[in-house]
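Structure, as structure tokens:
Keep in mind that what you see is a predicted model, and the values were worked out from it rather than measured. Counting from 1, the numbers follow the sequence of the chain as shown.
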Amino acid sequence: MEKQARIAGAASGLGLVALIALPLAAQEDGGLRLTFGVAARVETISNPGLSVPAEPRLESLSTRLSFGLSDKTRTGAVSLSAAGSLAADNDESTNGLEDPDLRLSWKRSGATSSLDLNAFLRESDLDTLRGVVLDPDTGEATKDVVGDGKQRQSGGGLTLAFGESGPWGGTLSAGLTDTTYSGSTDEVDSRDASLGGTLRFELDSATAVTAGLRWSRFDEDGAAYRDTLRPELGLRRNLAGGFASADVFAEDTEDGTRAGLSFGRSWELKDGSFAFNLGATRGVTGDLSPTGTLDWQKDLPRGSLSASLRHAVTSGSDDTETIVTTASLGLGHTISPLASVNFGLNASDSEDTVTNETTRNAALSATISHSLTQDWILDAGVSHRMRDEDGTGLATSDTVFLELRRSFDWRP
């Protein structure tokens, strides 16, 4: 009954969001665009939580349904997306609705300004968040969670941009994320709020200076909240085939001040791109650590090859510092007009600056996709994950999956 109530609650929430979004979309002058997707997946995973000792093998069958609604006009856009999986596995731990993901965004644009609003609700199994998880926007390693259970995150954000086409402008932003856990004894519920602003000044047609200030508060159950204030200053100059940049920041935290300086350069090549960034960060303990990034991408006759390397001092929401090194390599190749293959390799090494404890992660994956018809695509893939944590030991996990999927658009 409890699971049925959760499913009904999720469905009711989706209906409420849709009722809100539809009138907004109807106010725009353009037509609506609806996107529907379905993916049936069968997979087997050994030691899904990368635990020591290893967990039993998990075999699951799932169907993921997705829905999207969008309406774009010259002056604005509204979009709604919803997805969820109906799943069953051999230990009955994930039967029912799994991994719901709801997102709503609204944008209004003027001649030189814009306003963006967004809200989200998502839930994930903690097993899927362990190991190497790289942020798709920054490429940085995200929080490495522990334990079993589920993570639910909800929140939203607001961004106001002004002076977008003038010699000076800026942005104002605010965000809130609420994170809760169920079925886990290792993770604690928390809330993360932030306010920030950035000003941009163009010194000439090729050079711009930015100055920003960001305040954030992390509030975790059972602990006092922690405030962080981060001023930053940046310089960017457009050059032939790329740009050069310099950035400096300082963070005032409960444990002290963290500061950093970096210089970067990028090139747009004939068949790809190359960029690097070098700098140093002084942590709250006073230790100085080098930082840097390297990104390379090359277009191939029938695919692409990319590589990246990052070394940084990251700070968690509780101001704990970790020295993180991540590396990734990706290769995509088109076998025929109907088939393609993708290979990926990710690795990370993180060291706590206080305890000196180290965690090493690695993941290797290969996926082949084949278009059965104009609408249906068949994917098959394998992956291998490894995790070696000081004091815990080495854990490995292997995954094999087969998925049949399709999506289509409809304009009423």
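- A salt bridge links Glu389 with Arg387; the closest basic N to acidic carboxylate O contact falls under 4.0 Å.
- A cation-pi arrangement is absent between Arg226 and Phe218 under the rule of less than 6.0 angstrom and at most 45 degrees off the ring axis.
- Of all heavy-atom pairs spanning Ala193 and Leu176, the tightest one is CB-CD1, 3.9 Å.
- Figure legend: cation-pi geometry between Arg122 and Phe120, with NZ or CZ positioned under 6.0 Å from the six-membered ring centre and within 45° of its axis.
- Between Arg405 and Asp379 there is a salt bridge, since a side-chain N of the basic residue sits under 4.0 Å from a carboxylate O of the acidic one.
- Listed for the Thr73 side chain is a donor-acceptor partner under 3.5 Å among the backbone atoms of Gly76.
- Applying the side-chain contact (heavy atoms from CB on, under 4.5 Å) rule to Arg191 yields the partners Asp178, Asp219, Asp221; only residues at least two apart in sequence or on another chain are considered.
- Rounding to the nearest 0.5 Å places OG of Ser397 at 6.5 Å from CD1 of Ile45.
- Ala39 approaches Glu403 most closely through the heavy-atom pair CB-CD, 4.0 Å.
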Full working for side chain to side chain contact (heavy atoms under 4.5 Å, CB included) between Phe249 and Leu233: CA-CA 6 Å; Phe249 77 89; Leu233 187 65; over 6 Å; no
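- With sequence neighbours left out, Thr373 forms a side-chain contact (heavy atoms from CB on, under 4.5 Å) with Asp375, Trp376.
- Thr322 contributes no side-chain N or O that, together with a main-chain N or O of Glu351, makes up a donor-acceptor pair within less than 3.5 Å.
- Residues in residues 229-240 take part in these side chain to side chain donor-acceptor pair (under 3.5 Å) pairs, two or more places apart or across chains: Thr207-Arg237, Arg230-Glu232, Arg230-Glu251.
- Between the Asn47 side chain and the Glu55 main chain, a donor and an acceptor come within less than 3.5 Å of each other.
- Between the side chains of Gln153 and Thr179, at least one donor-acceptor pair of N or O atoms lies under 3.5 Å.
- Relative ring orientation between Phe162 and Trp168 is described as perpendicular, the plane-to-plane angle rising above 60° on a 0-90° scale split at 30° and 60°.
- Between the side chain of Thr325 and the backbone N or O of Ser348, no donor-acceptor pair lies under 3.5 Å.
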